[in-house]
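Residue numbers begin at 1 in each chain, while the letters A, B, ... track the order of the sequences. Side chains included, hydrogens not; waters and symmetry mates left out as well; all remaining heavy atoms used.
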Number of protein chains: 4
Amino acid sequence: MKNTDKREEIMRAALELIAEHGFHGAPMAMIADKAGVGAGTIYRYFEGKDALITELYRELEGKLLAYLQEGYSAADPTRERFLHVGAAVLRYFIASPLHFLYMEQYMNSPFGIALKRDRLLGQSDEGDLFFKSIFEEGMAQKVLKELPIFVHFALTFGPLIVLIRDHILGLISLDDARIMQITEASWDGVKR
Amino acid sequence: MKNTDKREEIMRAALELIAEHGFHGAPMAMIADKAGVGAGTIYRYFEGKDALITELYRELEGKLLAYLQEGYSAADPTRERFLHVGAAVLRYFIASPLHFLYMEQYMNSPFGIALKRDRLLGQSDEGDLFFKSIFEEGMAQKVLKELPIFVHFALTFGPLIVLIRDHILGLISLDDARIMQITEASWDGVKR
Amino acid sequence: MKNTDKREEIMRAALELIAEHGFHGAPMAMIADKAGVGAGTIYRYFEGKDALITELYRELEGKLLAYLQEGYSAADPTRERFLHVGAAVLRYFIASPLHFLYMEQYMNSPFGIALKRDRLLGQSDEGDLFFKSIFEEGMAQKVLKELPIFVHFALTFGPLIVLIRDHILGLISLDDARIMQITEASWDGVKR
Amino acid sequence: MKNTDKREEIMRAALELIAEHGFHGAPMAMIADKAGVGAGTIYRYFEGKDALITELYRELEGKLLAYLQEGYSAADPTRERFLHVGAAVLRYFIASPLHFLYMEQYMNSPFGIALKRDRLLGQSDEGDLFFKSIFEEGMAQKVLKELPIFVHFALTFGPLIVLIRDHILGLISLDDARIMQITEASWDGVKR
DNA sequence: CATGAATGAGTTTTCATTCAT
DNA sequence: TATGAATGAAAACTCATTCAT
């Protein structure tokens, strides 16, 4: 097992346990066990539990952004670009429900609050920049309502977040047709 | 201090501490301290920490629903009713940010997952019924797109949730004008 | 309800709860509840939990001794007197299994150890004197083996204690015929 | 210190403290302290306090049975076999008074009641079988009275239990001569 | 006298982290 | 580098006792 493999096993184990049982329902010993490593080994790869939680979040965020960029072309019309990203978000989280549960839990905990505050103070992160260009261009082209970027983001992605949760909980089933329909309806909230 | 006062002091203390520090950052001893009661006293009013957390959620949910119903008239046109409720949600949480932080944290934790599953199995709760009538009537009147209720809910309230969080984090400032604008834009996502 | 009634209700409740659940499995609040009095009321009749436990033991011991003396005649032959007392012990505890469970638990706990040590230092208690006369007279008459009183006591009452427990646990069923048989067999252990 | 050593240190500490102070007079922290281990360490070896108490009882019982079997020969006459076992019980507990105090306390608490009931439902334990053969053979040979095994057991071992307690409390002193005398007298209660 | 809500010291138990191997 | 037994500080929770009503 390569070094890197161990690190990944730890993250995979943490993801599964925390997504299902929350930050407390997941003791380090249990994570180590599930990862097939010794309890002390986690501390060779992560400073502590908080660091593990935070680094895992960053990792998942990176994977999401990478997926969203697949097949994305800055040359496409604004609407196409949004539809691509919106549908990709839905598909990504439907395929990786644990990622969703983990990320939501993280963002709605004091960890996430701290993260958001940090980003507000520092520069925008990669993800924000990514979405921002769509909305700014859309407004420049008079295709979108004149609203702050945060509002555009909320109007378009807010519905997706709620629906992904509903899907994961089994309240609704999102197939490809519905994904298109929803993404388009999201767009309707911001278009002129 | 009346019986009821102590129970309320405990809930107030728990709300503040958990909203700010999360479920773990808030030990029972700290809650008792902040509430001005003995550690054992909490257990006279709540079976344990989990029960306190859950009952507090129910209480906050009840308060929110009560507020949404103020000035709500089933006789108003569909759109007015939605605008009333949507704006009320925003105003409520802007006035009570701790309620929002607590409820979001709860809903995105294993507690909330369990709650949603329970509600799915049992009958809908009061809140669901409340929103449902607006969307069902809107579809009957051909004012709204033909979509499952869960999708209507997501398209309209999803944006609000995201924006409330942004407001509380100071990323954006929601004044009355913006509240109207946003609520109307939310409606645009579902109207035909 | 007279004062005295309350005291008795408390003792009755304590007896039942402690016999069944042990000294810890029986919190003061539970005893008060079962007795139908307020938790504070117990402290008007007993100094504290230890005092309640000890006074209850003394009370039960007194009742047992009173029962053993019923129909007992110092004029009877030694063997009759023993058979009377032995059979009475069995009948008493079979009729009052909670008394047995409580007294055994007490005697085998640090409470009982302390009690025995106290009695050793001070004068013998009423009960000891009671049995002592039978064995001393029996030895004087050359009917019994020449043994220390404690040994006589052990040889005759030891079997009874074990059998009462077995009966209460349902391992064996003691009817009148068996009671006689056992009492007589106990006597055989000490007679010449 | 080997693994096993720690487990044994914990049991030794628990034995001493519980024998002397009872199940409550012996907090886990005190046991850990006396054992020279951290408080959490106990939980690596035992599921909780109840498990520690129960496993310690089983361990002591095992040691007792092992001692009784030393030098025991199924080929010896019934009476010799009983005298061997009876005297061994006395010698064992006189040498290990803490074992006696602990086991008696256990058997007379709700723990012991539960244990006896369990054994009644399941098959007899090793110890029962051990004694049973002596009494059954004795009856078959017409050496012993025709009585249920439980009664034989009570008549022979009941006295020993009481005397061991008296010895430990200092009420009587059991030397080898007395041990023989008592064991023989016990046998007299059951022989024809 | 009686009450029972309130208390907080004391208990069991958990778990992130360390460190000898 | 990896381990996992050991730790002990900190957590949840209990309960004998008090005291204002």
Side-chain angles (χ1 to χ4, degrees), chain A residues 1-3 6 23-33 35-53, chain B residues 1-3 5-7 10 23-33 35-52, chain C residues 1-3 6 23-33 35-53, chain D residues 1-3 5-7 10 23-33 35-52:
Chain A
M1 200 189 268
K2 276 193 8 228
N3 261 3
K6 271 191 210 240
F23 293 123
H24 20 316
M28 294 295 262
M30 202 185 283
I31 292 170
D33 227 50
V37 302
T41 305
I42 297 180
Y43 292 85
R44 311 206 115 270
Y45 295 96
F46 303 93
E47 278 218 356
K49 195 176 189 182
D50 282 15
L52 166 58
I53 287 169
Chain B
M1 201 189 267
K2 278 198 359 237
N3 253 5
D5 291 345
K6 268 194 174 142
R7 194 172 194 278
I10 291 164
F23 293 123
H24 23 311
M28 293 298 260
M30 202 185 282
I31 293 170
D33 230 50
V37 302
T41 303
I42 297 180
Y43 294 87
R44 296 195 53 72
Y45 294 96
F46 304 94
E47 278 219 356
K49 195 176 188 182
D50 281 15
L52 166 57
Chain C
M1 200 190 268
K2 276 195 4 230
N3 260 2
K6 269 188 212 245
F23 294 123
H24 20 315
M28 293 296 262
M30 203 185 282
I31 293 169
D33 227 51
V37 303
T41 304
I42 297 180
Y43 292 86
R44 312 206 114 269
Y45 295 95
F46 303 94
E47 277 219 357
K49 195 177 190 182
D50 281 15
L52 166 57
I53 287 169
Chain D
M1 200 188 268
K2 278 202 359 243
N3 253 5
D5 291 345
K6 268 196 176 144
R7 194 173 193 276
I10 292 164
F23 294 124
H24 25 310
M28 293 298 260
M30 203 184 282
I31 293 170
D33 230 50
V37 303
T41 304
I42 297 180
Y43 293 86
R44 295 194 53 72
Y45 294 96
F46 304 94
E47 278 219 355
K49 195 176 188 182
D50 280 15
L52 166 58

Which atom of D:Ala32 lies closest to which atom of D:Gly38, heavy atoms considered: CB-O, 3.8 Å

Against the side chain of A:Tyr45, the closest entry in E:dA6, E:dT3, F:dA2 is F:dA2

Base partner of F:dA20, which must satisfy Watson-Crick or wobble distances under 3.5 Å: E:dT3

Let me know the distance between CE of C:Met30 and P of F:dA16, rounded to the nearest Å. 9 Å

The side chain of D:Pro27 lies closest to which of these nucleotides: F:dA5, F:dG8, E:dT12? E:dT12

Please report the distance, rounded to the nearest Å, between CD1 in B:Ile42 and C1' in E:dA6. 13 Å

Between E:dC1 and F:dT21, how many Å separate the two C1' atoms, rounded to a whole number? 13 Å

Specify the residue among B:Ala39 and D:Gly48 whose closest nucleotide of DNA chain E lies further upstream toward the 5′ end. B:Ala39

On a heavy-atom basis, which atom in D:Ile10 and which in D:Ile31 lie closest, and how many Å separate them? O-CG2, 3.9 Å

Gap between atoms CZ and P, on B:Phe46 and F:dA12 respectively (whole Å): 15 Å

Quick check for you: among F:dT7, F:dT3, F:dG8, whose closest atom lies nearest to any side-chain atom of D:Thr41? F:dT7

D:Asp50 atom CG is separated from E:dT12 atom C1', nearest whole Å, by 11 Å

5' priority, DNA chain F, between B:Glu47 and C:Lys49 [closest heavy atom]: B:Glu47

Find the distance D:Asp5:CG to F:dA5:P and express it as a whole number of Å. 15 Å

Rounded to whole Å, the CG-C1' distance (B:Asp33 to F:dA10) equals 15 Å

Which nucleotide in the set F:dA16, E:dT17, F:dT3 lies at the smallest distance from any side-chain heavy atom of C:Met28? F:dA16

Nearest to the D:Tyr43 side chain among E:dT3, E:dT12, E:dC15, which nucleotide is it? E:dT12

Rounded distance in Å - CZ (B:Arg44) to C1' (F:dC15): 11 Å

Relative to the 5' end of DNA chain F, which residue comes earlier, B:Ala29 or D:Gly38, by the nucleotide with the nearest heavy atom? D:Gly38

OG1 (B:Thr41) and CZ (B:Arg7) are apart, to the nearest 0.5 Å, by 14.0 Å

Given side-chain contact (heavy atoms from CB on, under 4.5 Å), test C:Tyr43 with C:Met28 step by step and report yes or no. CA-CA 10 Å; C:Tyr43 292 86; C:Met28 293 296 262; 3.4 Å; yes

Take the protein atom CD1 of C:Ile31 and the nucleotide atom C1' of F:dC15, then report the distance between them rounded to whole Å. 11 Å

Partner nucleotide of E:dT11 by Watson-Crick or wobble geometry (both distances under 3.5 Å): F:dA12

Give, for atom NZ of C:Lys49 and atom CD1 of C:Ile53, the distance between the pair rounded to the nearest 0.5 Å. 5.5 Å

